[in-house]
Amino acid sequence: MSKSRTPSITPWLFLAPFLVTFAVFTIYPLSQSFVLSFQQTFGPRSTVPVGFENFRYLFTDPLFWIALKNTTLFTLGSLCVQLPLSLGLALLLNRPELKGRSLFRLIFFAPSLVGLVFVGMIFSLIFEKRTGLLNVVIHSIIPQFPLEFPWLQNYVMLALIIAALWLYVGFNMIYFLAALQNVPGELVESAGIDGAGPWDRFVHVTLPHIMPVAGFVVLLSILGSFQLFELPFVLLGGSGPENRGLTLVMYLYNTGFVTGDLGYASAIGWVLALILASVAIVQRRISRKGEE
Amino acid sequence: MKRFSPALLVIYPLLIFFSIVTLVPFAWMLCAAFKSNADFFNSLFLPQGSGFLGIAWDRLTLANFSKLFGELGMMRATMNSVFLASTTALLGTIGGAMGGYALAKFEFRGRKWMTRLILGAMVIPGPLLMAPGYQLMFNLGLLDTYAGMLLPAIAPAFGIFLFRQSILNSVPMDLIEAARIDGAGEIRIFATMVLPIVRPMIGAFLMITFLGTWNNFIGPQILFQSPEKFPLSVAINSLKGVYSQDYGMLMAGTLVSIAPILVLFLMLQKEFIAGLTAGSVKG
Amino acid sequence: MLDWLRNFSLGVWALIGLALVSSVYLVTRPTASSSDHAFWVFARLHFQAYEPFIREWNEKTPEMRIEPLLVSLPAMERRLFSGFMSGTPMADLFEITQNVTARLISGPAEDIGLRDLTDLLKAEGLLDAINPPSFSPWTLRGRIYGLPHDVHPVLLTYRSDLVEAAGIDVNEIETWEDFVRVMWPLQRTGGAGGEDRYLLNMWQTNSELLPVLMLQAGGGFFDANLRPVLDSEVNAMVMATIATWCTGPKRIAIDAPEFSASGNALKIRGQVVAAIMPDWLAGVWKTDIPGLSGKLKLMPLPAWTKGGRRTSVMGGTMMGFNKKVSEEVFREQWKFAQFLYRSPALAAEMFRRSMIIPPDRNLWSLPVFDEPDPYFSGQPAGRLFIEQAPDVPLRVSSPFFNGANEQSGQALLRLVEYANANGVYTVEGLLPKSRELLAEAQAQLKRQMERNVFMREAQ
C-alpha cells in the first residue's frame, strides 16, 4: 500500500478532462443513440418508438448479413496477408548492418500518412480495367492475365485488401520492428551456436518474444478492419455491384444518412459495438493466456 | 560491427522491390498533379512527347496549383487544418498524459473500472455518435465553431491508453514514491519527472493525433457550416463534382495535403517510432 | 526552467509554433458574419456560373443579400435533415437533387420542411411556362415543392466518323432493334488487344442506366402512388433486352464507365460507337474528352416500339425553399429565384459551360441553342436536346429509389449470369427469368418498405 500523503482525489483530478469530455461528448450521444435504436425515424421530423423491431429485423435483413460477411472476410484476409508481410518487412529491416534503414522505414511508412479519401481516389484509378496501373503492369508480365480484369466489380474484397495492404503494412511494420529490437540478440545468437537454423531460431526464440506486440497489432487491426468504411466508399462510390463492397459501417451510414432511418442505423451501430467489444475481450484473454 | 552478410544480397533487392511498389502510387499522383485534365486520360504517368526521355515536359503545368490557391482559397483551408491539427494534438497529448498518469501511478478505488472504461471507449464506432452528436453540438451552441472540433478531443481514450502503457513501463514507481514522500506536489511530479521520461510517447502521440486530425474529414464536414472554416480535407473533397471530376486539381490538392505531414513526420520520426512502440511492447 | 523546456523535442516546439501562427492568421481574418440569407449550392459548376448574377442581385437589392455557399451534396443532405428534424441552422434556399428531395418530402405534409410552391406557380403562370415533366420529381400528391432547374433529356451520341464511313444512315434507326441491326457492321467482337469495337456503352453493372431505359419504355420503379412496380412486363422486357446486349452472340455492349480513365480511353480509341447521353453528360465529354471533337453526332434515342418515346431523363436538380422563412422574406427570395433561373444570360451561360438546357420554355428560343456545335460536328446540339424536352418521361420521387435501383441492378446482374450459365441469349428466352428476378426484387423492396411505419401511414 502506498505510504504517501496524496489525497485520493488527485487521480480523479488528473482524469477530470477525460471524464468531463467523455460524459458530454460520448456518453450523452451514446445514450441518445441507444434510445434511437428502439425507434424508427424516417426523413425529417418523424420518430416513432418500435421496441425491439429494429433488432428483430436486423436478424433477417439480408443486407446486414452481407455486410457482416464482407467485413469479416476483409478482416480475416487483411490479417492473414498484412501481418506476415509487416513482420517479414520488419525482419528484413532488422539488421544493424543494413544501410539506408531509415530511408526504407520512411518509404514503407509513407502510405499511412495519406488520408483514406485520397487513397480511395488514387486506387480507384489504379484498379481500373484496361488502363488501370495494376492491370497494365500485371498484363505486361503475364500476358495471359486479362487486361479487363474487373477488380472493382467482381473482386472487390481482394481489391480492398490490396489497397489496405498498401496503406497499413508500413504502420504495422514499425510495431514489429520495435518488438524485434527488444529481442535479446544474445539469445538468438546462442541458439544459432547451438545449431538451430534460421527458421528454428525465428519460431522458438524470436516469435515468443514478440507475442505481446503481435497481440496488440492484431487487436488494432481487427478493430480497424471491422470499422472499414471510407475506403470502399470512395473506391467503389458506394457499395459496389451486388453490394460486394458493403461493410457494416457503410451500411450504418447508408441507413442513417442516406435512407434516413437513424433508429435502425443506431441499432446496427450497437450490434457492431457489441461485436467489437467481444472481439477485444476474446483477444485480451488469448494474449494473456499466451503470456503465461 | 559492420560485416557484409550474404543475406544482404537477397534482402536489398527485396526491399527495393517493395519500395518501388509502395512508391508507385505516389509517383503516379505526383505526375497527375502536374498534368492537364486532357492529358490525364491520355498517359499513365507522364505525357508522351518529343522532349527529354520521350516525355513532353512542356505539357506539364502548374495550373492546378495556381487554381487551388488562387481561385479556391486553399491557403485558408490549409491554415484551418494546421490550426486544428496542431491544437488538437497539443490538447490531446496533455489530456492523454494526465489521464495515463492517473491510471498508471495512483492506487485508487475504481482504477480497474476506469481502465476498462478506457478500453471500452476505444471500440465505440464513430458513426454511431454522428447523428446525436450533431444535435448535441447544436444545443451547446458549438455548431460551426472551432471549439466544437477541439473540445471533444481534449482527452482521447486512445491517448490515455497509450500513455498509461508508456508510463507503466518506463517510469519507476520508486521515483514517484520518493518524490511524494519528499512532499512534492503532484503537478510538479507530473511535469518535471514523468513528462521528460515519456518524451518519446509525447512525440509519438502528437504525431498520431496531428495526422488523424489532419486527415479527418467526416467530422469537420458535418460540424462546419461556413466554408471559411473548412479544413483542407473537406475543401479538397468538395472539389469532386457531381457533373465532372477535375482529376488534376484533386491530385494537386492531395499533394498539398500530404506535404506538411511528410515534413512533420521527418522531424518527429525518431520519437514517433520510439514512442509508438513503447506503448505496445508490454501489451 | 530552461532545462525542463529542453526536455521537449524540436517537433513539439514546431507544433506549438504552428498552433500559434495559425491562430494568429485565423484571428486576424475573421469569417464574414452570416446576416445574409444563405443559398446552398452543391455543384461547383453552378456555383461558379451563379456568382456574377448573385453579385448583380446583391447590388440591386441590398436589403435581401443572398450569400451563396458551396456545400457538398452529402453534407447538405445531412444538414437539411438535421435542420428539418431538429431545427439546426439551415439555409433559406438550396439546390438539391432528386434523391435528396425524395427523402425530404416523404411523410405527412405537415412534416415537410420545404415550402409548397403549387399555388404560387399556378398564379404566376409558371406551370405553363416551364416544361411540365420537369416538375414531376418534386411533386407529391399534387403539391409541388421545388422550382425545377433543368430538364435533362437524353439523346444518343454516336461516332459519326465511323458510322458515316461505313455508309450507315442513322435515319433508318427507329427502334433499339433497328439500332442493333443497322449498326451491326461496325461491331467487332473478341480480343482485348484494342481492335474490338462495341456498339453501345453499357454493362450489366451499370445500374444507373436501368431506370433511364425503363422510363423510356414506359416502365419505371414506382407508380404515381409511389407503389413499387418493378415487376411490370415492360421492365422485364427492357431488362431482358439489356441482358442480350451485354452477353451472348449478339453482344453489343462494352463497359466504358463515365468519369474514369479507362472508360475515356476506350471512347477515344474508337472502341465505343454510341453512348446514351443526357445533356449534362455532353458537357462532361466536352471537358474530359476534347479529342473526340468533330467525331460525334447526336440523334434521338432509338425507341422501344415503333412510334415510341425517343428520349428519357437522367438526373435532376431543383431549388427548394425553407418553409420556416417568413412570407415577406420568401417573396423577395422568390424574386431572386426567378431572376436566377429565368435569366436568359444565365441560361446561355449554363448551356455554354455544361450543355444543360433550362426548363423555362420561353428561353428555348435563345439563339445560343441553335449555334452549330463543333464538338458534335456542327449540329445545333442545344436545339436537338430541346426538341426532346416535352417528351421527357414523368418520374415520381420515392425515398426508396436507391433501394429499388439496387434491387433491379442486382436482378440484371443475375439475369446475365443466368444467360451465361444456361446459354440463353434471346429476349424471348430470357423473358421468363427476367420476370422472375424482378418479382424477387419487388418482394425484397416491398419488405424494406413495409417495415417502414411511416410509409404505411402515408398510404
Side-chain angles (χ1 to χ4, degrees), chain B residues 37-38 40-42 44 71 75-76 78-87 89-90 93 130-131 134-135 137-139 143-144 146 191-192 195-196 199 202-203 206-207 210 221-222 224-229 234 237-247 260 264 267-272, chain C residues 4 7-12 14-23 25-26 29-32 34 38 42-46 48 69-75 78-79 81-82 85-89 91 97 259-265 268 280-281 283-284 287-291 315 317 354 356:
Chain B
N37 255 349
F40 186 85
F41 293 121
N42 270 339
L44 211 52
E71 203 178 292
M75 191 60 194
R76 171 116 200 165
T78 315
M79 276 301 164
N80 283 332
S81 283
V82 169
F83 174 69
L84 283 173
S86 52
T87 322
L90 289 166
T93 308
M130 262 204 281
Y134 186 73
Q135 181 76 15
M137 287 298 173
F138 173 65
N139 289 332
L143 213 58
D144 200 27
Y146 290 110
T192 59
L195 285 186
R199 177 177 143 155
I202 291 181
L206 279 175
M207 184 70 210
F210 189 94
Q221 193 181 53
I222 296 183
F224 290 126
Q225 316 279 324
S226 12
E228 307 93 44
K229 298 210 175 84
V234 178
N237 193 58
S238 65
L239 289 177
K240 282 170 72 174
V242 177
Y243 289 133
S244 72
Q245 307 268 45
D246 194 340
Y247 285 110
L264 194 71
M267 277 202 287
L268 283 174
Q269 212 191 134
K270 282 222 159 45
E271 291 156 325
F272 176 61
Chain C
W4 179 74
N7 269 312
F8 299 107
S9 68
L10 184 62
V12 178
L15 270 180
I16 297 183
L18 281 175
L20 287 174
V21 166
S22 50
S23 332
Y25 181 94
L26 291 176
R29 277 158 215 247
T31 63
S34 295
F42 67 87
R44 170 164 304 271
L45 179 74
H46 295 198
Q48 287 169 334
L69 282 171
L70 188 59
V71 181
S72 77
L73 196 59
R78 269 195 294 273
R79 290 185 204 168
F81 254 135
S82 167
M85 192 159 174
S86 17
T88 49
T97 60
F259 306 117
S260 86
S262 79
N264 289 1
I268 294 174
W280 51 268
L281 194 59
V284 171
T287 322
D288 286 351
I289 324 179
T317 307
S354 64
I356 294 178

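The structure displayed is predicted, hence computed values, not measured ones. Lettering follows sequence order; numbering is per chain, from 1.
Taken from CZ in C:Arg79 to CG in B:Asp144, the straight-line distance is 7.5 Å, to the nearest 0.5 Å. C:Leu15 CG to B:Ile202 CD1: the interatomic distance, rounded to the nearest 0.5 Å, is 12.0 Å.
Taking C:Ala91, C:Ala14, C:Ala19, C:Gly263 one by one and counting their heavy-atom pairs under 4.5 Å with chain B, the maximum is reached by C:Ala19.
In this structure, the side chains of C:Val21 and B:Phe83 stay at 4.5 Å or more apart for every pair of heavy atoms. You'll find the side chain of C:Leu26 reaches within 4.5 Å of the side chain of B:Arg76, heavy atoms only.
There is no contact between C:Leu281 and chain B, counting heavy-atom distances below 4.5 Å.
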